[in-house]
2 protein chains.
Amino acid sequence: MDSRCENCIIRQFNSLRAMSKEELKQVSDTKTTKKIKKGEPIFEEGDKLNGVYCVRDGVSKLSKLSANGKDQIVKLATKGEVIGQRSVIAEESTNLSAVAVNDMEVCFIPKESITHTLHKNPDFTLEVLRHMAHDLKEADDVIVNMSQKTVKQRIAEAILYLKNNFGEDDEGFLALTLSREDISNVVGTATESAIRIISEFKKKGLIHTSGKRIGIKNERKLVELVEGF
Amino acid sequence: MDSRCENCIIRQFNSLRAMSKEELKQVSDTKTTKKIKKGEPIFEEGDKLNGVYCVRDGVSKLSKLSANGKDQIVKLATKGEVIGQRSVIAEESTNLSAVAVNDMEVCFIPKESITHTLHKNPDFTLEVLRHMAHDLKEADDVIVNMSQKTVKQRIAEAILYLKNNFGEDDEGFLALTLSREDISNVVGTATESAIRIISEFKKKGLIHTSGKRIGIKNERKLVELVEGF
DNA sequence: ATCTTAAACTGATAAATATCATATTTTTAA
DNA sequence: TTAAAAATATGATATTTATCAGTTTAAGAT
């Protein structure tokens with residue numbers, strides 16, 4: 001993979017595409033590439049970030065620790081997404097932890113490169129703004145789901161989400177394998193409850209499993225379940 | 001109250017303050033002021049908005065209808081806040097309904113005034129971006145609260161939120177009176193459950209009530225409850 | 001002011017979910 | 001490869017929350 005931002009395909013998926021040649025060169029010259037192993041943190045809740053992280057490969061879970069000691073996963077960030085933006089823009093310490101779900105490669109971009117462009121290039125700022133508007137809409141949807149859907153519906157939805165966003169492998173399992181605990185943290189439930197419902201889905205023929213891996217067997221029924229039939 | 005945006009105090013609280021004199025004049029010349037009565041909608045979920053609404057007076061609830069027919073209130077917007085921004089920026093139809101909680105006065109600003117400035121004035125765009133970053137953080141917090149806190153904790157939190165954001169009247173009641181149903185829609189629970197818990201708080205001496213009005217009697221205990229004691 | 005309607009409230013019960021305890025399987029690392 | 005650790009799984013039970021049915025109280029309209 002080319003190590004210059006100008007040539008990085010990932011850029012096509014995020015706001016960096018709205019940068020000018022010179023701005024991009026500046027980013028490329030100051031960025032550093034990091035490898036993060038599965039389970040390792042990129043940053044922790046409360047950290048003051050000195051820049052943002054552009055995900056080149058792998059998936060990161062963004063989560064927040066609640067008073068009762070459970071993590072709530074708020075978002076899964078994958079190839080092409082930029083994480084840490086919110087904190088850098090608001091000039092606050094981050095409200096989320098970012099931990100690698102599998103082995104990752106990320107580019108660290110110092111905040112000066114970003115903030116300078118934010119002040120100078122309205123196209124870039126607008127592009128970031130549009131992304132954030134989208135994230136905000138998604139967050140609103142999550143709030144509604146959390147409060148109005150049952151755990152069963154939320155788990156069905158999470159499984160479909162994983163398929164739609166990360167795809168399936170050649171054996172028909174979800175390409176992104178989350179632990180049962182991670183699933184329960186996405187859905188906001190007790191790990192045992194998540195496991196129980198996954199077993200139930202298996203018994204009913206909606207999914208099949210192998211170890212921690214999950215595959216979809218009856219997508220239509222899962223969709224119906226989410227919609228409340 | 002002066003009807004020119006340039007002189008409007010409300011502007012101090014929102015992104016419009018980053019506009020140049022000319023931009024603001026343009027907004028002022030194209031804006032229209034509307035009065036909305038308690039219970040009336042400003043816009044409905046799915047509407048394509050032709051502009052944004054700047055709240056001059058009163059409070060609006062932003063909510064989303066869920067599959068089971070219940071509204072989930074995602075945000076309460078008050079004096080100084082601009083609503084409908086997200087949809088206009090993302091150029092999508094709105095994902096939320098806005099209904100007046102009490103009599104309101106709002107200024108409608110056609111989207112052209114906004115989008116034009118978004119493309120030209122990075123200070124303004126950045127200011128809007130910062131606001132949205134803030135909203136996103138709040139949304140993340142709501143997600144965590146929804147999934148990790150009990151209904152009792154969420155109701156206690158809602159009461160404290162109302163006090164901190166809208167204050168108390170001279171009799172010691174919350175200045176913003178929400179119906180029990182609205183409270184249950186903020187908290188994401190059945191109306192009867194909300195009522196029951198409010199009664200319980202009253203019995204325990206945490207609050208006092210008079211009709212639908214609620215006053216805080218023991219703030220410390222409410223805070224402790226939210227934090228899980 | 002009073003009639004009418006809507007909102008607030010209460011009880012009984014059902015359903016959903018969490019918790020605790022423990023067995024089994026899978027993964028990790030020596 | 002195998003022992004240890006971690007994750008998955010399941011049962012029993014407690015707790016929380018929703019639902020249904022009904023009464024009382026408050027608010028709005030004539």
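So you know, we letter chains A, B, ... as the sequences are listed, proteins then strands, and number each from 1.
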Point to revise | Between D:dT17 (P) and B:K70 (NZ): distance, integer Å | key: 13 Å

Check your understanding: What nucleotide among C:dT17, D:dG28, C:dA12 has an atom nearest to a side-chain atom of B:K38?
Key -> D:dG28

Practice item. Measure the distance from CD1 on B:I197 to P on C:dT10 and round it to the nearest whole Å. Key: 13 Å

Review point. How are the rings of B:Y53 and B:F43 set relative to one another: parallel (under 30°), tilted (30 to 60°) or perpendicular (over 60°)?
Key: tilted

**Study point:** Integer-rounded Å distance: C:dA16 C1' and A:R154 CZ
**Key:** 11 Å

Review point. Looking at the side chain of A:K212, which of D:dT8, C:dA18, D:dT17 is the nearest nucleotide?
Key: D:dT8

Point to revise | 5′-ward residue of the pair A:S147/A:I198 relative to DNA chain D | key: A:I198

Review point. How long is the line joining NZ of A:K37 and C1' of C:dT28, in whole Å?
Key: 15 Å

**Study point:** Interatomic distance, A:K152 NZ vs C:dT17 P [rounded to whole Å]
**Key:** 8 Å

**Study point:** Distance test, side-chain N/O of A:S193 to OP1/OP2 of C:dA18, below 4.0 Å
**Key:** yes

Check your understanding: How is A:T191 classified with respect to the nucleic acid when contacts are heavy atoms under 4.0 Å: base, sugar-phosphate, or nothing?
Key -> nothing

Check your understanding: With a non-hydrogen cut-off below 4.0 angstrom, is A:E192 in contact with a base, only sugar-phosphate, or nothing?
Key -> base

Review point. Looking at A:S199, does any N or O in its side chain come under 4.0 Å of the phosphate oxygens OP1/OP2 on D:dT8?
Key: no

Study note, to complete from the structure: A:L178 CG to D:dA6 C1', in whole Å, measures 17 Å

Exercise for review: Run the salt-bridge test on A:D103 and A:K35 with the 4.0 Å N-O cut-off and return the result as yes or no.
Suggested key: no

Check your understanding: Between the base of C:dT26 and the side chain of A:R180, is there a donor-acceptor distance below 3.5 Å?
Key -> no

Review point. What integer distance in Å separates B:R196:CZ from C:dA14:C1'?
Key: 13 Å

Study note, to complete from the structure: Of the candidates D:dG11, D:dT8, D:dA18, the side chain of A:S179 sits closest to D:dT8

Point to revise | A:I195 side chain, from C-beta outward: closest of D:dG28, C:dG11, D:dT8 | key: D:dT8

Check your understanding: Is the closest basic N to carboxylate O distance between A:R196 and A:E200 below 4.0 Å?
Key -> no

Point to revise | Spacing of A:F173 atom CZ relative to C:dT26 atom C1', expressed in whole Å | key: 14 Å

Review point. D:dA18 phosphate, OP1 or OP2: any side-chain N/O from B:T189 under 4.0 angstrom?
Key: yes

